[in-house]
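Encoded as structure tokens, the structure appears first; notes follow it.
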Amino acid sequence: LADYNTLAAESEYAAWTLVNGYSLNHVAISVHRLAASSGGRLATLEDLNAVLSSAPHNIKLSSEGGVVKVSPDGLLRQTSTVADTHAHTF
């Protein structure tokens with residue numbers, strides 16, 4: 001726990017890596033490319049969010065700052081999921 005706290009004081013990412021290793025924690029999807037491959041069913045980020053958050057997936061989307069976050073210039077739109085919580089023993 002002392003090592004974790006020391007790392008966390010310097011870098012949240014370093015502390016996260018100490019606990020989780022190099023596990024997958026981010027995924028990027030080019031939503032604009034989904035429209036053609038999904039027959040238009042996933043034409044927007046909102047469409048993708050609807051699929052992810054409903055059965056059978058039931059993935060919780062982060063609503064902090066809005067479910068769809070938009071960059072100040074409006075050129076980047078993104079969404080994020082809420083990770084499951086796991087207890088760790090130090």
Side-chain angles (χ1 to χ4, degrees):
L1 183 58
D3 290 340
Y4 174 84
N5 288 331
T6 299
L7 279 173
E10 293 297 321
S11 166
E12 180 181 347
Y13 177 74
W16 186 96
T17 303
L18 176 70
V19 173
N20 296 290
Y22 290 103
S23 302
L24 175 69
N25 72 330
H26 289 84
V27 175
I29 299 172
S30 297
V31 176
H32 66 284
R33 294 185 177 188
L34 288 177
S37 64
S38 69
R41 188 172 65 91
L42 299 174
T44 68
L45 184 56
E46 290 78 6
D47 294 340
L48 178 60
N49 285 347
V51 170
L52 292 175
S53 62
S54 62
H57 310 293
N58 298 318
I59 296 173
K60 185 173 181 185
L61 301 177
S62 173
S63 59
E64 187 171 331
V67 174
V68 175
K69 288 86 171 161
V70 182
S71 65
D73 62 9
L75 297 175
L76 175 66
R77 300 176 75 238
Q78 60 186 2
T79 194
S80 59
T81 60
V82 176
D84 292 337
T85 302
H86 297 279
H88 292 277
T89 303
F90 292 95

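What you see is a predicted model; the values in this text were computed from it and never measured. Computed from heavy atoms alone, side chains included, the values below leave out hydrogens, waters and symmetry copies.
Val70 and Leu48 end up in the same hydrophobic cluster when Ile, Leu, Val, Met, Phe, Trp and Tyr side chains are linked at under 4.5 Å. The hydrophobic clustering, which links ILVMFWY residues whose side-chain heavy atoms are closer than 4.5 Å, places Leu7 and Val19 together.
Minimum heavy-atom separation, Val68 to Leu45: CG1-CD2, 3.7 Å. The two residues Leu42 and Ser38 have their closest heavy-atom pair at N-OG, 2.9 Å. Across every non-hydrogen atom of Leu61 and Thr81, the tightest pair is CD2-CG2, 4.0 Å. Between Tyr4 and Ala15, the closest heavy-atom pair is CE1-CB, 3.4 Å. Between Leu1 and Phe90 the shortest heavy-atom distance is N-CB, 3.5 Å.
Put simply, CG on Asn49 and OG on Ser80 are 9.0 Å apart, with the number rounded to the nearest 0.5 Å. A distance of 9.5 Å separates CD1 of Ile59 from OG of Ser54, quoted to the nearest 0.5 Å. Here the straight-line distance linking atom NE2 of His32 with atom CZ of Arg77 works out to 13.5 Å at 0.5 Å rounding. How far OG1 of Thr79 is from CG of Leu52: 8.0 Å, rounded to the nearest 0.5 Å. Distance check, rounded to the nearest 0.5 Å: CG of Leu76 to NZ of Lys69 gives 11.5 Å. In this structure, CG in Asn20 is found 5.0 Å from NE2 in His88, a value given to the nearest 0.5 Å.
With a 4.5 Å cut-off on side-chain heavy atoms, Val51 and Arg41 count as touching.
Asn5 places no side-chain N or O within donor-acceptor distance of the main-chain N or O of Ala2, the cut-off being under 3.5 Å. Between the Thr44 side chain and the Asp47 main chain, a donor and an acceptor come within less than 3.5 Å of each other.
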